[in-house]
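Worksheet: one structure, shown below.
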Amino acid sequence: MNAASFGVIDPATGAEFARCPLATIAELGSTVAAAREAWPHWAATPIDERARHLEAIAAAIETEKDSLARLLSREQGKPLHTAAAGEIAAALMWTRATATLRPPVDLLQDDATARIEVHRKPLGVVASITPWNYPVLIAVWHIMPALLAGNTVVIKPSSYTPLSTLRLVEIANRVLPRGVLNALAGEGGLGQAMSRHPGIDKVVFTGSTATGRSIMAGAAPTLKHLTLELGGNDAAIVLEDAPVEKVAAKIFAKAFGNSGQTCAAIKRLYVHERIHDQLAEDLARRAREARVGPGDEAATQFGPLQNRAQFTLVCELAEDARTRGGRFLAGGRPLDRAGYFFPLTIVTDVNDDARVVKEEQFGPILPLLRYHDVDEALARANASENGLGGSIWSANLERASRLAKRLECGTAWVNDHATLSPLAPFGGVKQSGIGVEFGLYGLGEYMSLQTVRIAR
Ligand code: NDP
């Protein structure tokens, strides 16, 4: 290991609080070689035993959950006792749920001529590249199905939030054989080098659409398998019959959870003109009352933006809305303190051309858009190059379900948004991604199909 390191910033202060070992491209080579060497034995390990390793990892994480949550909160910014602890709890739940999965063997034909079986086999070495919004949970989403399927893994966390992922891997390696799970942290070119590396068979990536394109291009010469979970600009449509006092709390939570830094958060809220003002005022009151602050203060409900670039983007989107005549019912300008703090912001009276509507904000700023006719609202919701999630809110479940199916997105919710299940496929259509995660659908992405045809 070389002695180089890079700084990790505390988003609540904007100051460096730790240094992280910096991996070189040469270390990537030796790490991939270690993962390749470990692969045949891990692939030949019976799946029930691999699943027991996942359960043992969950047990090991459980014993470290408080210290892991503290590290996560410090580097990511999210409130310790709610969001950070909740992320670790979700990571545990997902690890255990993934351990129960078993890929099927399909029998397509079994007669006097032939027997045709379809088997699922691991791919080899999987590279996982993760973002900074849920560094522990998204690492688990990548690592656990890859390992259960019989692959070995090299993970590279975001250079903004490397520490909790490195710690997670350290904990998992107490129970895994050497070389099965490996982690490298580094800035800049490391992710790009992984997507090009000939010793890697698949890349699973969660992050921005631009980086997804770059990974796809890097992976093309070696024809790697890809799962890309990219940005979203999710629309929620609130119908005229939705009970405002009942839906407001949930809409608020699903727009502002993790300070809006969630790929499938509500990012555009289309509200029928009859209830628009009432819902806007309700959400604005909640936003004004919300406690934004450092993750380690007990009263904090919402932390800072995770990094300066994201903070600057949110400031720019608010400014653009202001110059276009947007009306701010809550928030709108950065807090006057150190760190990357932006208050929860509700803006109305912007049209669909404003940057805050057209672009993924990935921060605590929600535009409300008035509509008259639901067909018009659906057309506006679908007029996006993204297609991760979408939702319809109504008292009439039958009508809402019908309308939800017309949303062009990978997951359509009714009276909910961004709630994920370890068994249901999650992924984007259009430029929100390729492939899905979770359940047998997601597990299949870490395996190749092999048809076995036995002639009789
Ligand atoms: P990026 O997509 O740039 O980063 C995500 C991960 O990809 C990091 O580990 C990063 O490493 C790595 N990476 C960066 N460039 C490359 C490359 N060329 N090849 C391979 N890997 C690479 O996200 P940002 O942090 O820049 O966030 C920008 C935007 O992405 C946000 O505004 C948001 O819209 C979106 N985003 C979406 C997320 C989601 O969950 N869908 C999560 C995070 C961001 P390194 O840190 O070393 O650069």
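We count ligands from 1, going down the list as the structure has it; atoms in each ligand are counted the same way. For reference, positions follow the sequence shown, starting with 1.
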What verdict does the side chain to side chain donor-acceptor pair (under 3.5 Å) test give for Thr419 and Lys254, after you've listed the backbone C-alpha separation in whole Å, the side-chain angles of each residue and the deciding distance to 0.1 Å?
CA-CA 9 Å; Thr419 300; Lys254 299 300 183 170; 2.9 Å; yes
In terms of heavy-atom contacts, does CD of Glu376 have more than 12 from other residues, nucleotides or ligands at under 6.0 Å?
yes
Go through the side-chain N and O atoms of Gln76 and Thr161 and say whether any donor and acceptor fall under 3.5 Å apart.
no
Less than 4.5 Å apart, any side-chain heavy atom of Val350 and any of Val357?
yes
Going through the distances and angles, do Tyr134 and Trp141 end up as a ring pair (Phe, Tyr, Trp, His ring centres under 6.0 Å)?
CA-CA 10 Å; Tyr134 293 90; Trp141 288 351; 7.2 Å; no
Sub-4.0 Å atoms of ligand 1 with respect to non-hydrogen atoms of Thr130
6 (C), 8 (C), 9 (O)
Assess the side chains of His142 and Thr206: does a donor N or O sit below 3.5 Å from an acceptor N or O?
yes
For Glu360, is at least one N or O under 3.5 Å away from an N or O on ligand 1?
yes
Within 4.0 Å of some non-hydrogen atom of Thr206, the atoms of ligand 1 are 39 (C), 40 (O)
Do you know which two heavy atoms are closest between Ala51 and Ala99, and how far apart they sit?
CB-O, 3.4 Å
Would a distance-only check, ignoring hydrogens and angles, find a side-chain to backbone donor-acceptor pair under 3.5 Å from Gln310 to Phe362?
yes
Numbering the atoms of ligand 1 from 1, which are under 4.0 Å from a heavy atom of Gln310?
31 (C), 32 (O)
Pick from Phe205, Trp132, Phe6: the one approaching atom 5 (C) of ligand 1 most closely through a non-hydrogen atom:
Phe205
Whether Arg322 engages the ring of Phe328 as a cation-pi pair (distance to the six-membered ring centre under 6.0 angstrom, angle to the ring normal within 45°) should be assessed.
yes
Which of the numbered atoms in ligand 1 are under 4.0 angstrom from any heavy atom belonging to Ser159?
45 (P), 46 (O), 47 (O)
Report yes or no: does Tyr134 have a heavy atom closer than 4.0 Å to ligand 1?
no
N/O separation below 3.5 Å, Gln192 to ligand 1
yes
Would Lys156 count as being in polar contact with ligand 1, using the rule that some N or O on each side must be under 3.5 angstrom apart?
yes
Please verify whether a non-hydrogen atom of Ala309 lies at under 4.0 Å from ligand 1.
no
Under a 4.0 Å heavy-atom limit, does Met194 contact ligand 1 with its side chain, its backbone, both, or neither?
neither
Under 4.0 Å to a heavy atom of Thr211 - the qualifying atoms of ligand 1, by number:
1 (P), 2 (O), 3 (O), 7 (O), 13 (N), 14 (C), 15 (N), 16 (C), 17 (C), 21 (N), 22 (C)
Under 4.0 Å from a heavy atom of Pro131: which atoms of ligand 1 are those, numbered in the order shown and with their elements?
42 (C), 43 (C)
Only one of Asp201, Ile200, Thr31 forms a side-chain contact (heavy atoms from CB on, under 4.5 Å) with Arg36, so which one is it?
Asp201
Can you list the steps and then say if Arg370 with Asp349 is a salt bridge (Lys or Arg N to Asp or Glu O under 4.0 Å)?
CA-CA 8 Å; Arg370 215 180 282 270; Asp349 296 347; 3.8 Å; yes
Where the closest heavy atom to atom 2 (O) of ligand 1 is concerned, which of Gly232, Ala217, Ser208, Ala265 has it?
Ser208
With heavy-atom distances below 4.0 Å as the criterion, list the atoms of ligand 1 near Asn133.
40 (O), 42 (C)
Should we count CZ of Phe6 as having more than 12 external heavy atoms under 6.0 Å?
yes
On a heavy-atom basis, I'd like to know which of Cys263, Gly433, Pro162, Ser158 is closest to atom 39 (C) of ligand 1.
Cys263
Heavy-atom distances under 4.0 Å decide this one: backbone, side chain, both or neither, for Leu230 against ligand 1?
backbone
Ligand 1-proximal atoms of Ser195, by part, heavy-atom distance under 4.0 Å
neither
Show the atoms of ligand 1 that are less than 4.0 angstrom away from any heavy atom in Gly186.
47 (O)
